[in-house]
Each structure stands twice: as C-alpha cells, then as structure tokens.
Amino acid sequence: MSEKITITFPDGNKKEVDKGINGLELASQISKSLAKESIAIKINNDIKDISLPINSDASVAILKRDSEEALELIRHDCAHVMAEAVQELYPGTQVTIGPAIENGFYYDFARDEPFTVSDLPKIEKKMHDIIQRNKNFIREVWSKEESIKHFKDKGENYKVELINDLPDNEEISIYKQGDWLDLCRGPHMVSTKQIGKAFKLMKVAGAYWRGDSSNAMLTRIYGTAWATEKDLEQHLLQIEEAEKRDHRKLGREMNLFHFQEEAPGAVFWHPKGWTLFQSLINYMRNRQDKAGYVETNTPDMMDKSLWETSGHWDKFSDMMFRTEAKDDKIYAIKPMNCPGAVEIFKQGLKSYRDLPFLLSEFGKVHRYEPSGALHGLMRVRAFTQDDAHIFCTEDQITQESKTVCDLILSIYKDFGFDNVRIKFSDRPEKRVGEDSIWDKAEAALMQAMEATGLEYTLNPGEGAFYGPKLEFVLRDAIGRDWQCGTLQVDLNLPGRLGANYIGEDGNKKIPVMLHRALFGSLERFTGILIEHYAGHLPFWLSPLQAVVATITSDTDEYAYEVQKALVSEGIRTEIDTRNEKIGYKIREHSNSKVPAIIAVGKKEAQDKTVSVRRIGSSETKTFKLEDIVNSLSKEAKSPIEKK
RNA sequence: GCCGCAGUAACUCAGGGGUAGAGUAACUCAUUGGUAAUGAGUAAGCCGGCAGUUCGAAUCUGCCCUGUGGCACCA
C-alpha cells in the first residue's frame, strides 16, 4: 500500500491521498471540469506548477484561469511566448529576463538593431500562432554545467551570466514550450493555449542590463495581458482616460502654462496658471502660519564654498547650475533651501528656549535634471518648494515629526486625497556623518512614525545623503501614486554649517534640523491636481470661476453689471459678449472647464436674474443676481476659510 | 545621460525628391440668436536648426536642439 498524505482544501475539507500526487490528478479526483480548467496550484500559499508532485501534508488550492492569482501566470507565460516569437522571427536575438509586472509583462532582448513599434504587430501575430500550438510548459531541472553549456552553445551570454550568478545550492529549472526553452524559476500554467487572446504589445523601450546604467542597453518590449478580452478592453480604456487627463494637454487647453525650447524644464506660467499657483501658495501660507511657522526668503545664488561646506557640491555638483560675474567667484544657483535656512538660524544667539524654531520658505530651486527625466510639470529643472526647516532638540524630534505628519495628512484631505501611504527611507550608501549619528536619526524618526500610529513601508537605502526620511505618497482619482511630501531628520548639516544654540546647561549645542515639504514641488503638485480633477478644478482653485455669456447684444449692459457684481465679491469672472450663438458660447466655455456659465438674455435683464449652468451638468437654473453672487462667493472660499 | 519615436499654420494632424495641404482657431462681412459648433469670405508657414547628397531637399544622409515612451537618476 502506498503512503498517504493529507490535503487540506481552502474550505477546510481534508482529503487523504497518495503521496506524490500532483495537482492535476487531485483536480480530476474532484471533477473532470475542474481538471480541465485548472492552470496551477497553490501549495501552502505558494503558487506552483500543477504537475508538481505533493509529497507531504499540505493545504492546497487549485487555481483556475479566472482566479486572481492566475493573472500573474498568464502574464509571465505571455512573456515566454513573446520571447519565443521574437527568436523565431529574429534569429540571433538574445533573451535576458522577462517578468510579469503590473498590468502585463515585458521581456528584455539583446539585439544589434533595436526593435521599433512597427515590429510589434508581426511579433503579436506570431505569439497568437504559438499560443494556438497549445504546447505544454514542461519543467526540467538541469545541472549548472549542463545549463551553462546549453546557453553558451546558443550564444545566450546573458543567460550564462544569470546562471553563473545563481547560488550553488539553488536548483536550476528550465521551462520548455515545444522546442523553445528558457531558464526560469516558474511557475507556469499547463499549456500556452491557456494564455488566451487578451493581450497586446504596447511599446518598446531601452533598458539597462540589470538596471545598471554602466551596463549595455537592451531592447525591452512591454505588453499588457488579461484574463478576458473585456478586461483588456477596460485597461485600454483606462489608458485613454489617463491621456485625456494629461496635464500637458489640459494646461494648453486651459491656457495655464507653456514650455519652450529656450528654457527646457522651466515653466512659463500664464495668468490663469499663475492664479492657480498663487491660490496654492496662499492656502499653504495660511496653514503654515497657523501651525507656527515664520516665513523667510533666502538668496537664489550663493558662493560655491557654502555648497562645499554643506556637502551638496561633493554629491550633486554635476546637477547644479552655476554662474559667474566679473569677480572670480563661482556662484551656485540654489538646488535646495536648507543652507540658506541654516544661515538665517545662525543670525543672533539662539537659546534652547527658541526651539523648536520653524522657518518656512517658498523657495525656487534649480536642478540640472537629466534631460530624459523631464516631463511636463511633473519633473522640471526649476521649481518652487513649500519648504520648511524645523530646528529643534533631539528630544523634540518625535513630537515635531508627528505634528508635521498630521499637518500633511490634513492638507492632502483638503484636496480630496484621502488615500496616503508613507515610506520610510533609511541610510543610503553615499552619505555624510558618522554611523552613530545615523543610528540616532533613524531611531528618532522611527519612533516618531510609531507615535503617529500611521502605517508605513520600509524603503531601505533610499534616504537623503544627510539623513533618513519619510515620503508621503498620495493616490489620485484614477489610482495613480504620486510622491509629494517629505520629512527628513538631519543631524549632519546643522553641524557642518556651524549652527548652534545655548542649552539649558549653558553649553553650546548643535540643533537637529527637520527638513519638510508638504506639496513638495508646487509645479508638480499643480500638475497632479490638474490630472486628479481632470481639469475640473474645485471652484476655489479654478483660475476662472465664472463667465457671463450674453444671448443678444441688447443685454451687454446688464451682463457687465452682472460681471461687476461678481468681481466685486472676488469671484474671478470674464464676460463673453462676442457675436456668437449661446450654444456656441456654452460649448466653448464648457470645453475650457469654467465651473459656472452665466447666461443673460432679455428675460434676465428684465427680471435682474441670471441663468446658470454648472460644469458637468446640462441643467440650467435661474437665480436672482444677488443670490448667485452670495452663493458663489461662499463657494469660492478655500477650505481654511470654510472651517 | 542611454535606447526608440516625433518635430509641417496659433492648435490637431495629413503629405513626402520638382507651385505647401485639411479641420479648428484668428480676422472681415452678413446674421441678434435661449443652453455643447450660424453662414460666406480673407489672411496665415525658413516643413525645429546646421551641414551634406542632388540640377533641385520639407522629403534622403549625418550632427545638434526640443519634445515624447521607457531605462537610469531624483539632495
């Protein structure tokens, strides 16, 4: 009699089966249809090939193609099929790695002539052919020597490198699909046909071998893959939706800003865009005033020596703009506001009684960002930080950090961002300061984090060169994440720049400096808001809040009266007396996303009323002039004024 | 910075070795209208820059600039 093991199913049922049974056999014991639909198995919560023998008691779930976990397999299998298609169509192309990723998969290839998008339809067609061949994925375990020889003979140098770097005790598995095979950890589904049809190759891109810019550049092909064609369709629609929200497009349509060749990565803010920008600054200034900050302003250019002292020159001089005048000095255009803040702190003798000392600055900084990184307002070379530096004692770190966290979250809420995640980044490889100082800074920040009771994730090695940091990541209306605010504990720069205060004991002490930014970059935050709201900014932020549109020229005079009434209450109002039909005016102002379109014709002029149409609605409501002025001026208040 | 793609009228885009094209916008005229496009007409361009090939280049080639999708970077 063969040995038995006990299988526990997700519903808690147990079953005694022969040792060595595999998932497929197990499934067919339950039902034929299940066996037919199974694609993999979850053994003790690890997803495995369904053909893998089960040799000990285990909890087991059989995965069908429509399960959530299947998606990753579909995508990974799809990557393999794409690699086969590419090697079939373009002999001599080397394969490297090809994982499943969010929404799809990619595969990196090494080929002298990179692929272009025009190659994609051909590859896609070949993939469909391969899938139709319905070959099983077959797993084999090879010895290191055997696998190295195989890939070396085939000229797959990258695979050889991968195998060489595998730890000696690791099993080397190979997956075959028909004649084609790939080094792969797995797992995979049963056969290529289970991939289905719901995939599409999306784009080609360059990518460094092993993500290291000193290595060769490979060609990456990205694809998206889904369980059903409906899901694929849905995904493509979502991409379209994101494109519609693109702040670069909306910024032009709404006449907010532009860029031009002479100033790469620097914004030309148009009047409407600048109005929005200023609304954000005013809001933030108000919140900071109430939180006990005092606002400062520091020089845009300072002698290079200051940046050498701070340590910025050593790490970032390549990315700093510099300028010189008739004297022989080299001035750096500030890439950060912190040294300036320290210089202000240093003026006059400070006592422990002055701490915490909260200095804010809407500082415009310049950084020579790599050309390939520039992206509309999201990544620019000249931007404004809502920066602040909190000088405090070590004992105050926890409380001050907690206060900053609360402030950030409260501010994000005012813009409709309720879903915020926090990342904790600790010491990077290249840094200044003793390890003992880092120990202290990290511990203090961690303690503050614990004190807030907020959830966070660890982000090892990603801290600033002078200290660990928290990063605040918010999720927008269509589920995209944006890193905005930051809080950094700095036990290094104040000392380097010679800041101190007189302690309780009468001795000089070096203060701790907390760097923090809430929106982060005002430019970037503006871009995020535009995309988050798809251009439909809330009334208080809308640079143009109302348009008075006339129906006939007979009522121009009354229209001006209406505009004047609104403007005198601070509502940003334009007037449209053009010789156009009202339908045309409605259409135009709707397209440019004006929140309130106020139509006036003979009827309104006679009754001293207005007809209001709000953006997003096709309803028209009639109000008395004074009533609309009152209600709009209430609506125009910022969240702070409303509180 | 690296790999790919793109740059033509204010905007969106077609064209492609031999008078530079469309739609929208602008301007002019007519029309004074009731909630997402009234009609007719006019004007508008160093076809990103510099070199080269050619009898001839917006078109082909090279270099550069800018943008763009990724990668790398992000104090």
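Proteins get letters first, then strands, A, B, ... in listed order; numbering begins at 1 in each. On a predicted model such as this, the values are computed, not experimentally measured, just so you know.
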Participant: Suppose you measure atom C1' in B:C71 against the same atom in B:G56; what distance do you get, rounded to whole Å?
Facilitator: 43 Å

Participant: Could you write out RNA chain B as dot-bracket? Rules: Watson-Crick or G-U wobble, both distances under 3.5 Å, brackets [ ] for crossings, | for pairs with another strand, dot for unpaired.
Facilitator: (((((((..((((....[..)))).(((((.......))))).....(((((..]....))))))))))))....

Participant: Please measure how far the P atom in B:C60 lies from the corresponding atom in B:U66, and state the result in whole Å.
Facilitator: 23 Å

Participant: Find the distance A:Met217:CE to B:A72:C1' and express it as a whole number of Å.
Facilitator: 7 Å

Participant: Using whole Å, what does the distance between atom P of nucleotide B:A37 and atom CD of A:Glu580 come to?
Facilitator: 12 Å

Participant: Is any side-chain N or O of A:His589 closer than 4.0 Å to OP1 or OP2 of B:U35?
Facilitator: no

Participant: Between A:Phe345 and A:His389, is the ring centre distance below 6.0 Å?
Facilitator: no

Participant: What's the closest nucleotide to the side chain of A:Phe316 if the choices are B:G4, B:C74, B:C2?
Facilitator: B:C74

Participant: Just wondering, do A:Phe115 and B:G4 stack (centres under 5.5 Å, planes under 30°)?
Facilitator: no

Participant: Distance only, no hydrogens: is a donor on one side chain within 3.5 Å (strictly under) of an acceptor on the other, for A:Gln545 and A:Thr573?
Facilitator: no

Participant: Check the side chains of A:Arg220 and A:Tyr222 for a donor-acceptor pair under 3.5 angstrom, ignoring hydrogens and angles.
Facilitator: yes

Participant: Verify the contact: side-chain N or O of A:Arg220 to OP1 or OP2 of B:G69, cut-off strictly under 4.0 Å; return yes or no.
Facilitator: no

Participant: Heavy atoms under 4.0 Å, any strand shown: does A:Gly467 hit a base, just sugar-phosphate, or nothing?
Facilitator: nothing

Participant: Suppose we call two aromatic rings close when their centres sit under 6.0 Å apart. Are A:Phe383 and A:His366 close by that rule?
Facilitator: no

Participant: Could you check, using the six-membered ring where one of them is a Trp, whether A:Tyr158 and A:Trp209 have ring centers closer than 6.0 angstrom?
Facilitator: yes

Participant: So, the side chain of A:Asp119 versus the backbone of A:Thr116: is there a donor-acceptor pair under 3.5 Å, distance only?
Facilitator: yes

Participant: What is the distance from CD1 of A:Ile551 to C1' of B:U35, rounded to the nearest Å?
Facilitator: 8 Å

Participant: Can any side-chain N or O of A:Lys334 pair as donor or acceptor with the backbone N or O of A:Thr298 at less than 3.5 Å?
Facilitator: yes

Participant: Tell me yes or no: between the side chains of A:Thr550 and A:Lys585, is some donor less than 3.5 Å from an acceptor?
Facilitator: yes

Participant: Could you identify which residues of residues 606-620 of chain A place a heavy atom less than 4.0 Å from some atom of RNA chain B, listed by residue number, or say none?
Facilitator: A:Ser611, A:Arg613, A:Thr620

Participant: For A:Cys338 and A:Asn591, take the nucleotide of RNA chain B holding the closest heavy atom to each; which residue's nucleotide lies nearer the 5' end?
Facilitator: A:Asn591

Participant: Choosing from B:A36, B:A75, B:G4, which nucleotide comes nearest the side chain of A:Ser590?
Facilitator: B:A36

Participant: Check the phosphate of B:U68 against A:Arg248, side-chain N and O only, distance under 4.0 Å to OP1 or OP2. Yes or no?
Facilitator: yes

Participant: Nearest whole Å is fine: how far is B:C73 P from A:Met320 CE?
Facilitator: 21 Å

Participant: Specify the separation, in whole Å, of atom CG of A:Asn215 and atom P of B:C71.
Facilitator: 16 Å

Participant: Would you classify A:Leu218 as touching base, sugar-phosphate or nothing, given that sugar-phosphate means primed atoms plus P, OP1 and OP2, and contacts are heavy atoms under 4.0 Å?
Facilitator: nothing

Participant: If you draw the axis of the six-membered ring of A:Trp307, does the NZ or CZ of A:Arg322 fall within 45° of it and under 6.0 Å from the ring centre?
Facilitator: no

Participant: Which whole-number value in Å describes the distance from A:Tyr368 OH to B:C73 C1'?
Facilitator: 13 Å

Participant: Compare side-chain N and O positions of A:Tyr584 against OP1 and OP2 of B:U35 and report whether any pair is under 4.0 Å apart.
Facilitator: no

Participant: Can you find a side chain N or O atom of A:Lys469 that sits less than 4.0 Å from OP1 or OP2 on B:A75?
Facilitator: yes

Participant: Atom CZ of A:Arg587 and atom P of B:G34: how far apart are they, to the nearest Å?
Facilitator: 18 Å

Participant: Going by side chain to side chain donor-acceptor pair (under 3.5 Å), A:Asp387 matches just one of A:Thr486, A:Thr296, A:Asn337. Which one?
Facilitator: A:Asn337

Participant: What is the distance, rounded to the nearest whole Å, between atom CD1 of A:Ile586 and atom P of B:G33?
Facilitator: 16 Å

